[in-house]
Structure formats: structure tokens, C-alpha cells
K.L.:
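To start, I am sharing the structure in question, which I have written as C-alpha cells.
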2 protein chains.
Amino acid sequence: MDETPGWLTPTEQHAWRSFLRMQEKLAARLGRELLADSKLSTPDYGVLVELTDAPDGRRRLQDLAGALEREQSRMSHHVARMVKRGLVVREECAGDGRGVLVAITPAGREAIEAAAPQHVSAVRRLFIDRLTPEELDTLARISDRIVAALEREPGRADPPPGGPAAPRAGGRSRHAPRPKP
Amino acid sequence: MDETPGWLTPTEQHAWRSFLRMQEKLAARLGRELLADSKLSTPDYGVLVELTDAPDGRRRLQDLAGALEREQSRMSHHVARMVKRGLVVREECAGDGRGVLVAITPAGREAIEAAAPQHVSAVRRLFIDRLTPEELDTLARISDRIVAALEREPGRADPPPGGPAAPRAGGRSRHAPRPKP
DNA sequence: TACCGATTGTTGACGTGTCATGTATATCGG
DNA sequence: CCGATATACATGACACGTCAACAATCGGTA
């Protein structure tokens, strides 16, 4: 019965269903713990990590969006909110009149440094440590394959595949552009 | 140096990051295809599937929230939006003055029936069919374990563990996105 | 019966995300 | 140098989610 060609078998349904539940619950839990412990949302956390990674704590908005695979508009909105909370500031981009630099503030640095250890340990406690090395390996392999497939077959527009290390010209990949007058 | 007790090894980092990317991209892609093809959002889809599963196409709001593991407030808001679009209606609940029944409309039924086949096939194309049976099995095992752990250790409040509603009659796995053909 | 706590929903404020659109600057071909 | 096109970002409208406060009903019990 139920031989409808594209339907899911009970096994597949269970796997898919469980996977969805896991995603939602895990993300929700991690997000709530992060927020409760550090007053930072998951998106906040990502942005601040990116910024602390840059040697001078500032990056182009577009650059940030690319690194975190978010759309530029989303980044703009979110940076606006973070500015309001004093975690980052916008700065003019010398050398490119339309550009904007997002710079982490001392308050932002303080926040991320306080948040990171707890967050990482939560990831460990709630997820990593519950998997065997083989399972973790399988998961990584699966994830890489699916992501690659999604990027190869862009049904419609995804945020451009300009991945974490956007192919920047001039051999400088992650260092903040330091234009001179 | 990096011997901070709770840090992630490079392997773990890679697995975790890949996993996050996969989740986001997959959900985003499926959501966009669903929306483009059927004018239904992912949450819409879930609600309509639940309703078509009920023999008379109506369920208590609380019941719906439980089955989909959403908070009742979220359900209330979302049902309000769906009412506005004519996909469902609210009805008084005979026998319980505070209760509310959510009933699917003909338009709603039409929408879900049009959406389901495409959506399921997208799940297959973008995910299921790219995994070996062993991988799918591992994934299901992992997911079940993590979910169980999350429910066992409620750090703070999750949507009440008051599990996914009562098992439905007939052996039909409740999650078949199955708009009775 | 009358009260009290628990259950069921609604609502408003606000953070977050998407889409479509608008504006300014940059860049390139002529 | 000029105009066409592309790039970088902002913005407004709206969908979605959470939290906290509130309102109404139900149920048991004194």
C-alpha cells in the first residue's frame, strides 16, 4: 500500500521527523541559554564572533553578510539593532563612499568574551558529547554533502554561494581592508 | 594555549559548523520552494497537515500546539493570520466555554492538497535521496537521542514536554504529509 | 453555593527575517 | 567626460516568534 512514487517510507518519515524536531529543539535551547546567560541572541553571537576575528575588530557589512551567509538586508537590519544596544558602531568606509564598516565596541567585546565559554560548553553538553566520534563524522559528511548539493542546484535564489571565504582579490582574504588616503 | 577545558577540537568545530549550515540552508530552501509553489509557509503547512489528519478537519488550539510542539501563544497568533487568509476558521467549542476549535476551510484543504506532493518530493530530492540508508538510520538515532536528552534535562522552560498528541487511530504514522488523495 | 486555583486563549510590545524598492557611489565603454 | 550598469546599503511593509500580562471558564472543595 501507499506506493505513491514520491512518498516517504515509515522509516524515512521517522528520520525526517526526528531530524526536524532535533533541529528546532536544539536551536531553541541553545538560543535561550545564550540569551539568558549573556543577553545575546544567536545572530548577535555570530556577528560578534566574526568581528573579534578581524584583527582590528571591524569589517564591511557586505563582508559580514557573506561570512555568515546572511542576506545584506538582514545584516543591515540586525546591525541597526546592535548599534542601538551599543554592541557595535557603524563607521564610514574610507576609499568607498557607499561602503560601511561595522566595528565592535568595548561593550561588544566584553559581551562576547563573557558569552563564548558558556555557549561552547552548552554546545558540548547538549550535542557534541552525546555523539560518538563515528556519529559526529557521519554527521559532518552528511552535512557537507547536502550543503554542497544545495549550492550546486540553486532552485531559486539563495544567498549567493560566496561562502565564508569570499574570493577577494589581491590575496587578502580576511584582513580588514586598510585603505590609505 | 587553546587548552581551555570546554573548547571544540577542529574536527568537532567542523562538524558543528557544517551541521548548522546544513540546517539553515535546507530549511530556507524548503521553505522558499514551498512558499513559491504553494503560497504556504512552513508553519502553515504543519498546521494544515495536522488538521487534515483529524477526521472532521478541526482540532482544539491547544491540541494543535501540542502536536506541533509550539506554544499556544504562537499558535494563537499564527491561526489569526491563517484566518485572515481564509485557510482556517475559529469555532466555539461546545462543552468548553474557553476552548476554541480551529477548522480547515475548503480553501485550506485545496492549498494543502496542492502543496503536499511537491513538498514531499522536495524533501526527497534535497535530502532523503542524498543519504544512504545507513546514514539515514544514524541520523534518526542521533536525533532521537538528542531530543530525548533535551527533554530529560530541561535547563529552562521548553515548550512543555507534553509530547506530540495522542497516537492517532489506524497505524498511520501521523507525519505523512498526506492530504487524503 | 461560593471561592480558588488550574486550564485555555488573547493581546501588545518587541526582536527577528524576507521581499521589494529606493538611493548613492563606483566603474566601465565610448 | 558622459551615460549605462553594477555595487553597497537603507528602508518600509509585513510574516513569524517570544514574553508577559490579562481574561474567561472549569473543577474541586469547603
Side-chain angles (χ1 to χ4, degrees), chain A residues 24-25 27-36 39-47 59-66 68-85 87 90-102 156-160 162 166 168-169 177 179, chain B residues 24-25 27-36 39-47 59-66 68-85 87-88 90-102 156-160 162:
Chain A
E24 286 181 18
K25 290 212 157 206
R29 174 68 142 269
L30 286 172
R32 251 182 303 235
E33 291 204 5
L34 182 60
L35 194 58
K39 307 299 182 194
L40 291 181
S41 69
T42 305
D44 293 339
Y45 187 85
V47 170
R59 288 181 82 174
R60 290 282 298 253
L61 204 160
Q62 186 78 263
D63 201 10
L64 269 179
L68 295 170
E69 307 209 57
R70 279 146 173 73
E71 304 178 2
Q72 175 277 327
S73 151
R74 180 176 170 181
M75 232 359 183
S76 182
H77 278 304
H78 199 260
V79 164
R81 277 167 247 145
M82 292 181 74
V83 166
K84 220 173 296 182
R85 290 190 290 147
L87 297 170
R90 283 187 217 259
E91 295 177 355
E92 300 211 352
C93 181
D96 189 334
R98 42 199 181 153
V100 164
L101 287 175
V102 182
R156 268 76 137 201
D158 270 310
R168 293 244 163 308
Chain B
E24 287 181 17
K25 291 212 156 205
R29 174 69 142 270
L30 285 173
R32 250 182 303 236
E33 291 203 6
L34 181 59
L35 193 59
K39 306 298 184 195
L40 290 181
S41 70
T42 306
D44 293 338
Y45 188 85
V47 171
R59 287 180 84 175
R60 291 283 297 255
L61 201 157
Q62 183 80 342
D63 200 9
L64 269 179
L68 296 170
E69 306 207 57
R70 279 147 173 73
E71 306 177 2
Q72 90 296 40
S73 155
R74 179 175 170 183
M75 245 327 164
S76 182
H77 277 305
H78 199 261
V79 163
R81 273 166 257 149
M82 292 181 75
V83 166
K84 219 173 295 179
R85 290 190 290 148
L87 298 171
V88 300
R90 284 188 218 257
E91 295 176 355
E92 301 210 353
C93 181
D96 191 335
R98 41 203 180 152
V100 163
L101 287 175
V102 182
R156 269 77 136 195
D158 268 311

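To find a chain, count down the sequence lines: A is the first, B the second, and so on, and within it residues start at 1.
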K.L.:
Who pairs with A:Gln72 by side-chain contact (heavy atoms from CB on, under 4.5 Å), at least two apart in sequence or on another chain?
P.N.:
A:Leu61, A:Gln62, A:Ser76
K.L.:
In Å, rounded to the nearest 0.5 Å, how long is the span from CZ of A:Arg85 to CG of A:Leu40?
P.N.:
6.5 Å
K.L.:
Using whole Å, what does the distance between atom P of nucleotide C:dG15 and atom CZ of A:Arg70 come to?
P.N.:
18 Å
K.L.:
Summarise protein proximity over nucleotides 4-13 of chain D in one line of letters, 5' to 3': B for base, S for sugar-phosphate only, - for none, counting protein heavy atoms closer than 4.0 Å.
P.N.:
---BSBBBB-
K.L.:
Measure CG/A:Leu87 against C1'/C:dT16 and give the value in whole Å, please.
P.N.:
15 Å
K.L.:
How far does NZ of A:Lys39 sit from CG of A:Leu87, to the nearest 0.5 angstrom?
P.N.:
13.0 Å
K.L.:
What is the distance, to the nearest angstrom, from the CD atom on B:Glu24 to the P atom on C:dT16?
P.N.:
15 Å
K.L.:
Just N and O in the side chain of B:Arg81: are any of them under 4.0 Å from OP1 or OP2 of D:dC16?
P.N.:
yes
K.L.:
Rounded to whole Å, please give me the gap between CG in A:Leu35 and C1' in C:dC14.
P.N.:
13 Å
K.L.:
By side-chain hydrogen bond (donor to acceptor under 3.5 Å, both in side chains), which residues pair with B:Arg98, not counting sequence neighbours?
P.N.:
B:Asp96
K.L.:
How many whole angstroms separate atom CD of B:Glu71 from atom P of D:dC16?
P.N.:
16 Å
K.L.:
B:Ser41: what forms a side-chain hydrogen bond (donor to acceptor under 3.5 Å, both in side chains) with it, not counting sequence neighbours?
P.N.:
B:Asp44
K.L.:
Mind checking what makes side-chain hydrogen bond (donor to acceptor under 3.5 Å, both in side chains) contact with A:Arg74, not counting sequence neighbours?
P.N.:
none
K.L.:
Can you tell me how far C1' of C:dA13 sits from NZ of A:Lys84, to the nearest Å?
P.N.:
13 Å
K.L.:
Tell me the interatomic distance from B:Met82, atom CE, to C:dT10, atom C1', rounded to whole angstroms.
P.N.:
18 Å
K.L.:
Quick one: B:Leu64 CG to C:dT8 P, roughly how many Å, whole number?
P.N.:
13 Å
